[in-house]
Q: 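I'd like to ask you about the structure that follows.
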There are 2 protein chains.
Amino acid sequence: MDDLDRRIVALLIRDGRATYAELGAEVNLSAPAVKRRVDRLLDEGVVRGFTAVVDPAAGGWRTEAFVEVYCSGAISPEALRHAWEGIAEVTNAWTITGQPDALIRVLATDVRHLEEVLERIRSAASIDHTETAIVLSTLVDRRVPASG
Amino acid sequence: MDDLDRRIVALLIRDGRATYAELGAEVNLSAPAVKRRVDRLLDEGVVRGFTAVVDPAAGGWRTEAFVEVYCSGAISPEALRHAWEGIAEVTNAWTITGQPDALIRVLATDVRHLEEVLERIRSAASIDHTETAIVLSTLVDRRVPASG
DNA sequence: GCTGAAACGTTCACAAT
DNA sequence: ATTGTGAACGTTTCAGC
């Protein structure tokens, strides 16, 4: 993971479909040399894969919310993961420090749908209660810290 | 945005570097037909672009936190966006309903670095106080609701 | 790491439906 | 309006250096 790797990764974050020739032109390397590095980065898990960045609203997901989850008793993170992975509308979930045990990001079509998802979240594990905050606007949207 | 578009988008979320021929084989379309659809989806903004999915830990980002921000007085979302966009470690920020005015996701190298980022966040706008929750584990990590 | 060459993918104009 | 075909061009992906 040298400086060349970091530059290639930064370029691939900006354009995940950039050709090896284009990447090579930016970092002064031949296309095969770039490919070998990208293959190695994929192998090492530095780059997990490539994906399309989709506008959720275009798919009808117009309501976004964060749900703080307070559990009752001891529940393993693995049990929570298993329960929430099966709920399609749960896009992200983390266990966290502080008063709530977990934080969930939910995408729903509307508030009515959100309420229905919250019921499924609560019934999927022995949960004490939840606190929901609806997203008003997205101010910053990156996956990793800004670089260049 | 018909069913064929949705299937192509789902395939591109799974593999953002899939060739048009591969996509076409899955949806029974020729490569040029798939390309025209993808070009249109990009044009319409349904697909915003393509990116590499990178492991933050591989880049040294081993500490993740969510920061609830309580503002003092009236601050425009635009002012908050401008202030936080300039902080590299702020990967995401949303204005939300409920007690806090905003929620921020931060990636830092360690807890010491996180504390330093929090200082920058607080001094970047007229903020009353913040409440930070450090991420213990990531249970679910998707961008959009699961589909297939 | 580079080069060369074959296989493969992309991207266009054009015809078909 | 959208698709498939064919051909030119660029890219990928080897092996050999």
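Below, chain A is the first sequence line, B the second, and so on; all start at residue 1.
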Q: Using atom CG of Leu29(B) as one end and atom C1' of dT2(D) as the other, report the distance to the nearest whole Å.
A: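 Answer to the nearest Å: 9 Å.
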Q: Going by an N to O cut-off under 4.0 Å, is there a salt bridge joining Glu115(A) and Arg112(A)?
A: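 Salt bridge: no.
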Q: NA contact type, Arg40(B), heavy-atom cut-off 4.0 Å: base, sugar-phosphate, or nothing?
A: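 No contact.
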Q: Between Thr97(A) (side chain only) and Ile134(B) (backbone N and O only), is there a donor and an acceptor less than 3.5 Å apart?
A: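 Side chain of Thr97(A) to backbone of Ile134(B): a pair is present.
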Q: Can you tell me how far P of dG1(C) sits from CG of Asn28(A), to the nearest Å?
A: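 In whole Å, dG1(C) P lies 12 Å from Asn28(A) CG.
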Q: Could you tell me whether a side-chain N or O of Arg17(B) sits under 3.5 Å from a main-chain N or O of Gly16(A), the two making a donor and an acceptor?
A: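 Looks like yes, one N/O pair under 3.5 Å.
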Q: Among residues at least two apart in sequence or on other chains, which ones pass side chain to side chain contact (heavy atoms under 4.5 Å, CB included) with Leu11(A)?
A: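 Listed in chain order: Leu23(A), Glu26(A), Val27(A).
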Q: Check whether any side-chain N or O of Arg142(A) sits under 3.5 Å from a backbone N or O of Val90(B) as a donor-acceptor pair, and report yes or no.
A: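 Side chain of Arg142(A) to backbone of Val90(B), a donor-acceptor pair under 3.5 Å: yes, one is there.
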Q: For each nucleotide in nucleotides 6-11 of chain C, reading 5' to 3', give B when a protein heavy atom comes within less than 4.0 Å of its base, S when such contact involves only the sugar-phosphate, and - otherwise.
A: ---SSB
Q: With a 4.0 Å cutoff (strictly under), does any side-chain N or O of Arg37(B) reach OP1 or OP2 of dT3(D)?
A: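 The answer is yes; a side-chain N or O of Arg37(B) sits under 4.0 Å from OP1 or OP2.
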Q: Tyr70(A): which other cluster members, linking ILVMFWY side chains closer than 4.5 Å, directly or transitively?
A: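 Answer for Tyr70(A): none, a lone residue.
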Q: Take the protein atom CG of Asp43(B) and the nucleotide atom P of dT2(D), then report the distance between them rounded to whole Å.
A: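 That distance rounds to 13 Å.
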